[in-house]
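The next block holds one structure in the form of structure tokens; read it before the comments.
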Amino acid sequence: MISRIPSFLKQALLTTALMSAGHVYAAEGVGIVVYNAQHEGLTKAWVEGFTQDTGIPVTLRNGDDTEMGNQIVQEGAASPADVFLTENSPAMVLVDNAGLFAPVDQATLEQVDAAYRPAHGKWVGIAARSTVFVYNPSKLPETQLPKSIMDLADPSWKGRWGASPGGADFQAIVAAILEQKGEAATLDWLKAMKTNFTAYRGNSSVLKAVNAGQIDSGVIYHYYSFVDQSKTGENSKNTALHYFKHKDPGAFVSISGGGVLASSKHKEQAQAFLKWITGKDGQAILKDGKSFEYAVGKNAQSNPKLVPLQQLDAPTVDASKLDSKKAVELMTQAGLL
Ligand SMILES: [Fe+2]
């Protein structure tokens with residue numbers, strides 16, 4: 001019967017059908033470009049769910065926090081990015097300080113616990129990760145664990161810990177120390193770190209080295225261990241995790257951010273994407289998926305294998321003030337970069 005309908009009418013009917021099925025954006029060929037610095041697996045799962053629900057296609061461009069943040073700043077208003085997602089807050093601060101974000105929709109902000117988003121609402125937390133001290137119990141007995149991340153500056157820690165100073169993850173931790181302890185104390189700590197620590201490329205390499213007994217301990221994010229445990233556990237089976245807690249700078253919880261670019265020509269779709277990933281379905285992917293990052297949505301649950309976020313007793317750090325430029329400057333001054 002449909003074959004007897006003139007083609008322009010058929011098109012109109014088809015469009016209506018697609019609209020009612022929530023596929024209006026796909027039908028119009030309007031998609032969004034996401035500059036993604038979050039783990040690819042996690043973002044792909046978000047994109048799949050979002051596109052399935054809304055019909056809005058998403059093109060991903062992957063990179064790391066600093067690289068993509070700098071790229072957006074360089075591209076300015078001409079950036080093809082509609083949305084920016086990061087692993088850590090400092091790259092969000094970089095783009096925000098350049099005035100390139102549009103305010104996040106109020107409904108989206110309200111879905112996220114106030115502790116996991118900056119008060120100004122220019123970007124929003126999408127997930128979180130905790131700093132953790134990973135150690136090899138056969139090399140470092142529990143009784144000798146440091147009470148604070150600041151203790152790792154002590155000469156007694158020389159040659160006993162590792163980190164990946166070149167990565168955005170560790171640089172976010174330094175930015176948090178800077179925010180809490182100030183410039184002079186941070187520089188002192190970094191100089192002592194230079195003397196005491198062993199540099200690795202990437203948190204996975206730190207974990208592997210601790211597991212293999214090449215180094216006693218390291219400072220990484222929690223999920224590296226949980227991800228490995230969920231697979232074969234071969235790079236973490238000889239390790240344990242120590243959470244500093246007590247609002248220590250080493251108990252820093254880093255917020256992964258999401259923002260809509262002010263220059264986006266698809267703002268409605270871009271806002272819909274942020275709303276989706278911070279909403280019930282998006283946050284459930286954090287609980288059920290393989291990322292082992294924390295959920296930040298109100299009433300959203302994280303993976304039950306994790307130490308609950310509320311028990312980590314993290315320091316209160318204003319994520320919108322995390323200054324990665326200064327952190328990198330101090331790290332360079334200390335000879336770490
Ligand atoms: Fe990471």
Side-chain angles (χ1 to χ4, degrees), residues 34-46 60-70 84-94 116 123 125-134 149 161-177 197 199-211 217-231 233 235-236 239 241 243-244 249-258 277 285-287 289-296 302-303 305-307 309 312 314 317 319 322 324 327-328 331 336-337:
V34 174
Y35 276 24
N36 174 51
Q38 245 295 350
H39 295 178
E40 281 183 50
L42 172 59
T43 303
K44 271 189 189 149
W46 274 333
L60 285 181
R61 297 202 185 161
N62 298 303
D64 71 23
D65 281 6
T66 319
E67 177 193 344
M68 303 222 92
N70 283 329
F84 183 33
L85 302 181
T86 64
E87 276 203 85
N88 299 286
S89 309
M92 298 304 291
V93 177
L94 193 78
Y116 305 113
W123 56 273
I126 55 171
R129 52 269 301 288
S130 174
T131 311
V132 82
F133 185 74
V134 60
I149 196 171
W161 68 286
S164 171
D169 286 355
F170 191 79
Q171 288 169 12
I173 298 172
V174 175
I177 295 175
F197 99 125
Y200 293 91
R201 206 182 165 83
N203 284 339
S204 301
S205 308
V206 178
L207 178 65
K208 270 186 198 170
V210 175
N211 186 64
S217 62
V219 174
I220 58 173
Y221 279 149
H222 77 281
Y223 54 81
Y224 286 92
S225 168
F226 287 94
V227 167
D228 187 68
Q229 287 287 310
S230 76
K231 294 176 182 166
N235 295 315
S236 60
T239 69
L241 298 180
Y243 294 87
F244 287 109
F252 169 62
V253 167
S254 182
I255 301 170
S256 304
I277 65 178
I285 286 173
L286 289 162
K287 176 171 135 284
K290 298 186 181 96
S291 72
F292 291 94
E293 294 189 48
Y294 285 101
V296 292
S302 296
N303 191 303
K305 288 207 167 79
L306 303 178
V307 180
L309 202 45
L312 295 179
V317 176
L322 290 177
S324 55
V328 165
M331 289 175 79
L336 291 163
L337 297 173

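In each ligand, atom 1 is the first atom listed, and ligand 1 is the first ligand listed. Source: prediction; values computed, not measured.
- Counting heavy atoms from C-beta outward, Ser291 and His39 have side chains that stay 4.5 Å or more apart.
- Expressed to the nearest 0.5 Å, how far CZ of Phe292 lies from CG of Asn303 amounts to 4.5 Å.
- Checked against the 6.0 Å centroid criterion, the rings of His222 and Tyr294 qualify as a close aromatic pair.
- Around the Fe ion (ligand 1), protein N, O or S atoms at less than 2.8 Å comprise Glu87 OE1, Asp169 OD2, Tyr223 OH, Tyr224 OH.
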When you look at Trp123 and Ser89, which way does the side-chain contact (heavy atoms from CB on, under 4.5 Å) test go after all the steps? CA-CA 10 Å; Trp123 56 273; Ser89 309; 3.6 Å; yes
Test side-chain contact (heavy atoms from CB on, under 4.5 Å) on Gln171 and Leu337 and set out the steps. CA-CA 11 Å; Gln171 288 169 12; Leu337 297 173; 3.9 Å; yes
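- With rounding to the nearest 0.5 Å, the separation of CG in Leu42 from OG in Ser256 is 8.0 Å.
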